[in-house]
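Written below as C-alpha cells is the structure these notes are about.
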Amino acid sequence: MSARMDRRSFLKVTGGAAAAAAAGPAVLRPRPSEAQDPNTLVVAWDSDIDTLDPSAFKSNGGYVTIANICDGPIGWKVRPIEGKPGVFRSRPGEFDGMLAESWKEEDDRATLVFKVRRGVKFPSGRPVTAHSFKYSFDRGLQSPGYMKLIIPRLIQVTDPAQFEVRDDYTFAIKMKAYGPMALDTVALSNNAILDVDEVKAHATKEDPWAAEWLKRNAAGVGPYRLVKNEPGVEIVLEATPNYWRPKPQFERIVLKLVPNEADRVLLLKRKAIQLVSGRPGLSPKNVKSLEGEPGLKIVQVPDTSCNYLGMNQKKPPFDNLLVRRAVNYAIPIQAILPNVLYGYGQQMKSPVPSLTPSHLGDYSPYKHDIARAKALMKEAGVKTPIPVDLAIRVGWPTHEQAAVWIQRELDQIGFKVNIVKESDATFRQVAIKGDHALSIESWQSWINDPFYHLSFLFDSRQKFTNLSFYHSEKVNQLIDDNMHEPNVAKRNAASQEVQKIIIDDAVWGLLWYDNWVRVMTADLSGFEKRWDTFERYHAVRRG
C-alpha cells in the first residue's frame with residue numbers, strides 16, 4: 001500500500017466502498033494488503049492523536065499511541081481470564097515492572113523507591129536513568145497539562161523536591177503520607193519516562209517544557225516506535241530494536257483512521273483489517289450483526305465505563321429531588337439493555353462500577369415503574385409539561401438510541417423532551433459551562449479505585465467533571481477523610497456510605513456499564529484488558 005494512500009483509496013482497493021461493491025465483477029480487484037503481511041497488524045480506529053505529550057493528551061488516539069511507544073516505571077499486571085483463551089485482564093492492586101525493575105515502600109509506606117532497569121536506552125542512544133524519571137515526574141507536576149492537578153490530589157506531591165534521585169538508578173517519590181492510589185497513579189501512561197536531553201533540545205523560553213514539540217513528536221521508549229503520524233489518515237508503529245522485552249510477533253502496527261463505522265464493518269468483513277479498536281469502535285448493534293461471521297471472533301469482558309443520565313441540579317426542575325427520583329423510575333433500562341446494547345453491557349446499579357472495590361450493587365431501589373414516577377412528579381408539585389433538551393453526542397449510537405427510549409418514557413411523566421445532537425467538542429464545552437439541563441454522559445476511571453471515581457464525579461469542588469453540579473458537604477467530607485485512608489475496610493465502608501447518599505439523592509439517572517468489546521480476525525489472541533481499556537499491542541499474536 002502506498003504510504004500516501006488516503007482513506008477513499010484504501011477502501012477502494014480493499015473492496016470496501018459501497019459503490020464498488022455494487023458494481024459487480026468490473027470492480028478493481030483488491031491488491032495485496034498489509035493485513036496479509038504476517039508481521040503487520042492493521043487496525044481501524046475512530047480517533048486521532050491530539051498530542052503526544054503524556055501530561056496533556058485527551059484523545060483515545062493519543063492515549064493508545066503513547067501506551068505503545070512510551071513505557072512508564074510500572075504497569076498494571078494482567079492475568080488470564082477463565083473461559084476466554086488468549087484474553088487477559090487486570091486485577092485490583094497488581095502491577096508489573098516496566099522501566100523500573102523493582103520497587104519498595106519506606107517511611108510507613110509514604111515513600112516509594114524504584115530501581116531503574118539497567119541497560120534500557122532511548123532511541124537517541126542515551127540511557128534511561130533515575131534522572132529521566134525525575135525529569136518526567138517534575139514535568140508532569142509543573143508543565144501545562146492536567147497532571148499538575150492529578151499528582152497533588154492522588155499522591156500528595158506538591159513540590160519537585162519530593163521527587164528524589166538517590167543514585168543514577170534509584171528514584172524515590174516522597175509523599176506527604178501513604179496513598180492507596182499511589183502505585184495506580186504511577187502506572188498511568190501519563191507518567192511515561194522521557195528522554196531529558198531530547199525534550200530540552202526543543203524547549204523555548206515561551207515553552208520551557210516543549211509541549212508544542214511533543215504534540216507530534218515522541219521522546220520515550222516502548223515496545224514500538226512511531227515512524228509515521230499522518231493526521232486524519234494513519235499512524236504507523238514499528239517494533240523498537242533491542243527493546244528490553246522479547247520482540248513482539250507483530251513488527252509493524254498500522255492504525256488506520258476510519259471515521260465512518262459502516263466502513264469499519266466492511267473492511268473487517270473483507271479482512272482488509274484485522275481489528276477494530278476505539279471507544280466505541282463498533283456499536284453493539286454492529287457487533288451483534290458480526291456474531292457468527294466466518295473468520296471473525298468477538299471478545300468481550302466487563303468494563304468500568306459508566307453511561308449515565310446527567311441531571312443538572314443548578315437547573316429546574318432537576319434541583320428537585322423528587323423529580324430526579326421520578327426520572328430514575330421512568331428509565332426503561334430493561335428495554336435499553338437488549339434493544340440498544342444487544343447484551344454488550346450491564347445495568348448500572350450504583351455510580352461506582354461493578355468491577356471497582358466496594359461497589360454497592362444491591363441498594364438502589366430504582367426500576368422501571370411509570371406509575372411510581374408519575375406519583376413522584378405529582379408529589380414534587382412541578383408544573384407540566386416541562387420542555388427540556390436532552391443533549392447527546394453525534395457518533396455515539398448507543399446514546400442516540402437510548403435517548404429515544406428515554407424521551408418516550410419521560411414524555412409520559414410530564415416532560416416534553418427535545419433531543420439535541422452536538423459534536424463531541426461542543427458537547428464537552430457546553431457541559432463544562434453547566435449549560436446542559438439533561439444529557440447522556442460517559443465516564444471511565446483510569447484508576448480503578450472508588451475514591452478516584454467519587455472524587456472526580458461527585459465532589460462539588462471539581463469544576464470540569466462533576467457535570468451534574470451536585471453538592472453535598474457530607475460527601476465532600478467523606479471523600480476528603482478517606483481519599484488517603486490506609487485502612488481498607490474503613491475506606492470501603494466510607495465508599496459505600498457515599499454511594500448510598502448519591503443513590504438516595506438520585507444524582508444520576510442510572511443507565512449502564514459498557515462491556516469492553518473487540519471484533520477481530522479469528523486468528524488473533526494475546527489481548528490484554530487494563531483499567532484504562534486501551535490496547536498494548538506487544539502481546540498480540542496470531543494463533
Could you tell me which residues satisfy side chain to side chain contact (heavy atoms under 4.5 Å, CB included) with Asn60, sequence neighbours excluded, listed by chain and number?
-> Ser47, Arg279, Phe534
Is there a donor in the side chain of Thr304 and an acceptor in the side chain of Gln444, or the other way round, less than 3.5 Å apart?
-> yes
Residues in ring pair (Phe, Tyr, Trp, His ring centres under 6.0 Å) with His131, at least two apart?
-> none
Establish, for the pair Arg118 and Tyr169, whether the NZ or CZ atom is under 6.0 angstrom from the six-membered ring centre and no further than 45 degrees off its axis.
-> yes
Name all residues meeting the ring pair (Phe, Tyr, Trp, His ring centres under 6.0 Å) criterion together with Trp396; count only those two or more places apart in sequence or in a different chain, and write none if there are none.
-> His399
Under the salt bridge (Lys or Arg N to Asp or Glu O under 4.0 Å) test, which residues partner Arg225, sequence neighbours left out?
-> Glu238
Please report the C-alpha distance between Tyr146 and Asn190 in whole Å, then the side-chain angles of each, then the deciding distance to 0.1 Å, and finally whether the side-chain hydrogen bond (donor to acceptor under 3.5 Å, both in side chains) criterion is met.
-> CA-CA 10 Å; Tyr146 49 79; Asn190 303 90; 2.9 Å; yes
With Met483 as reference, evaluate Asp459, Leu454, Leu154 under the side chain to side chain contact (heavy atoms under 4.5 Å, CB included) test and give the passing residue.
-> Leu154
Listed partners of Asn515 passing side chain to side chain donor-acceptor pair (under 3.5 Å), at least two apart | Gln300, Gln346
How would you list, by chain and number, every residue that makes a salt bridge (Lys or Arg N to Asp or Glu O under 4.0 Å) with Asp207, sequence neighbours excluded?
-> none
Mind checking ring pair (Phe, Tyr, Trp, His ring centres under 6.0 Å) for Phe137 and listing every partner two or more places apart, or none if nothing turns up?
-> Phe163, Phe171
Under-4.0 Å salt bridge between Glu198 and Arg126 | yes
For Tyr135, what residues pass the ring pair (Phe, Tyr, Trp, His ring centres under 6.0 Å) criterion, not counting sequence neighbours?
-> Trp209
Quick one: side chain to side chain contact (heavy atoms under 4.5 Å, CB included) partners of Pro223, sequence neighbours excluded?
-> Asp71, Tyr243, His538
Does one side chain, of Asn286 or Glu261, offer a donor that lies under 3.5 Å from an acceptor on the other?
-> yes
Do Glu528 and Arg536 pass the salt bridge (Lys or Arg N to Asp or Glu O under 4.0 Å) test, and can you show the C-alpha distance, the side-chain angles, and the key distance before you say yes or no?
-> CA-CA 7 Å; Glu528 300 176 346; Arg536 278 71 166 172; over 6 Å; no
Arg79: side chain to side chain donor-acceptor pair (under 3.5 Å) partners, not counting sequence neighbours | Glu94
With sequence neighbours excluded, what pairs up with Lys104 under the salt bridge (Lys or Arg N to Asp or Glu O under 4.0 Å) test?
-> Glu106
Can you list every salt bridge (Lys or Arg N to Asp or Glu O under 4.0 Å) pair that touches residues 38-66, not counting sequence neighbours?
-> Asp53-Arg139
Are the aromatic rings of Tyr308 and Trp443 close, with centres under 6.0 Å apart?
-> no
